[in-house]
Amino acid sequence: MIGLSLTRPPTQLLCAVLVLSLLPLFLQGCATHTVSAKKSRVAAPKKHPARKPGGYYRVRKGDSLYSIAWRAGLDYHTLARWNGLKSPYTIYPGQKIRLSPPKIHNKPAPVKRDAGQKPHPQEKAGKPAGTKPVVKPASRPPLATQTHKKPPKNVTAGSLHWRWPARGRILSRFASNDAAKGGIRIGGRRGQKIVAAESGQVVYVGSGLIGYGQLIIIKHNNKYLSAYGHNSKLRVKEGDRVSRGQHISDMGVTHQGTPLLYFEIRRYGKPVDPLKYLPH
């Protein structure tokens, strides 16, 4: 116990006694506040994760069905089928494009009955009344003439004969597990000639796809598309027919100021390694 001088006035002695008596209560209150604060932090509700983007894209000026499919990593045939579009796949600014397959409802409509009428036995089994059981025809063995052989492995692009779109050193290669490396980057000089790697139709020209700069997309057939990014001067427009080796643009630079061509080939909407198609 702390010794107190008896020579001090009674008022000071009384204050000292009150402070000593209230000190344990004060310390207990601080400890209780600290524990309750920890409990409140633990009991705080977790934040809900952000909602995933919807399955639609709103068309902007300069978009085409091909550029939307390219951005979404889809085959343009599939995108057209999901949205009920037919060639030449005309779309308009403000239009909503479905990026996922529509839901199909095959549930039969309920059968209306009069009051007091009992349900049909087939309805109890989950089938609409009046339906007959479906009898599958006996399967016939395939004829020898119906067998199909797989195409040889060296036939990768049908009748297409690819050529290099530009001369230069390869700065980066294709990587199937990296979305940023869906093609190859060919170094060169600003203003260098860029040519079509194969004949086809220009289906997109613009800068609406982030990361590609001024981009050209060429449709070669129902399977293959090719893209040419980071152009400085465009020498073709959307809808033009181009031939293999035709001068379509001049090489530009990236945001870092590096002159290069980004070249990509897609098969049914999916990126493939261009080096497996270009001549060695």
**Report entry** Test log, rule side chain to side chain contact (heavy atoms under 4.5 Å, CB included), inputs Ile217 and Trp70
**Finding:** CA-CA 9 Å; Ile217 299 178; Trp70 192 279; 3.9 Å; yes
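- Using a 4.5 Å cut-off on side-chain heavy atoms (C-beta onward), Tyr57 and Asp63 make contact.
- Linking Ile, Leu, Val, Met, Phe, Trp and Tyr residues whenever their side-chain heavy atoms come within less than 4.5 Å leaves Val195 and Ile186 in two separate clusters.
- No donor-acceptor contact under 3.5 angstrom links the side chains of Gln256 and Thr258, judged on distance only.
- Under the 4.0 Å criterion applied to side-chain N and carboxylate O atoms, Asp273 and Lys276 are not assigned as salt-bridge partners.
- Considering only heavy atoms from C-beta on, Leu215 stays 4.5 Å or farther from Val205 through its side chain.
- For the pair Arg60 and Arg58, the minimum side-chain heavy-atom distance is 4.5 Å or more.
- Salt bridge absent: Asp250 and Lys193 never bring a charged side-chain N and a carboxylate O closer than 4.0 Å.
- Closest approach of Leu261 and Ala166 over heavy atoms only: CD2-CB, 4.0 Å.
- Note on Ile265: it does not cluster hydrophobically with Phe174, by side-chain heavy-atom contacts below 4.5 Å among ILVMFWY residues.
- Looking at Gln246 and Arg235, their side chains never come closer than 4.5 Å, going by heavy atoms from C-beta outward.
- The shortest side-chain heavy-atom distance between Trp82 and His77 does not fall under the 4.5 Å cut-off.
- Between Ile216 and Ile248 the shortest heavy-atom distance is CD1-O, 3.8 Å.
- Two rings, from Trp164 and His280, have their centers 6.0 Å or more apart.
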Requested in this report: Evaluate side chain to side chain donor-acceptor pair (under 3.5 Å) for His220 paired with Ser226, printing each intermediate quantity in order.
Outcome: CA-CA 8 Å; His220 304 288; Ser226 63; 2.6 Å; yes
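- Counting only heavy atoms from C-beta outward, the side chains of Glu198 and His161 approach each other to under 4.5 Å.
- Formation of a donor-acceptor pair under 3.5 Å by the Asn231 side chain with backbone atoms of Gln214 is found in this model.
- Under a cut-off of 6.0 angstrom, the local environment of NZ in Lys219 is crowded, with over 12 non-hydrogen atoms contributed by other residues, nucleotides or ligands.
- In terms of heavy atoms, Leu65 sits closest to Ile91 at N-CD1, 3.6 Å.
- Screening Tyr66, Tyr268, Tyr224, Tyr204 for a ring pair (Phe, Tyr, Trp, His ring centres under 6.0 Å) with Tyr76, the sole residue that qualifies is Tyr66.
- Among all heavy-atom pairs drawn from Met251 and Ser232, the shortest one is O-OG, 3.0 Å.
- In terms of modelled atom types and a separation under 3.5 Å, the side chain of Tyr228 and the main chain of Ala197 share a donor-acceptor contact.
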Report task. Apply the test side chain to side chain contact (heavy atoms under 4.5 Å, CB included) to residues Leu225 and Glu264: give CA-CA distance (whole Å), side-chain angles for both, the deciding distance (0.1 Å), then the verdict. Result -> CA-CA 8 Å; Leu225 300 171; Glu264 188 171 331; over 6 Å; no
Query raised in the report: Which is it for Ser64 and Glu238 under the side chain to side chain contact (heavy atoms under 4.5 Å, CB included) test, yes or no, and what are the steps along the way?
Result: CA-CA 10 Å; Ser64 70; Glu238 197 168 306; 4.1 Å; yes
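- Taking a 6.0 Å sphere around CZ of Arg98, one finds it holds more than 12 heavy atoms contributed by other residues, nucleotides or ligands.
- When side chains are defined from C-beta on, Trp162 does not count as touching Arg244, because their heavy atoms never get closer than 4.5 Å.
- Ring centers of Tyr262 and Tyr212: under 6.0 Å apart, within the cut-off.
- When all heavy atoms of Leu171 and Leu260 are compared, the pair lying nearest together is CD1-CD2, 4.0 Å.
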Report task. List the steps and the verdict of side chain to side chain contact (heavy atoms under 4.5 Å, CB included) for Leu79 and Leu99. Result -> CA-CA 7 Å; Leu79 200 61; Leu99 300 179; 3.9 Å; yes
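- Shortest non-hydrogen contact noted between Leu278 and Arg163 is CD2-O, 3.3 Å.
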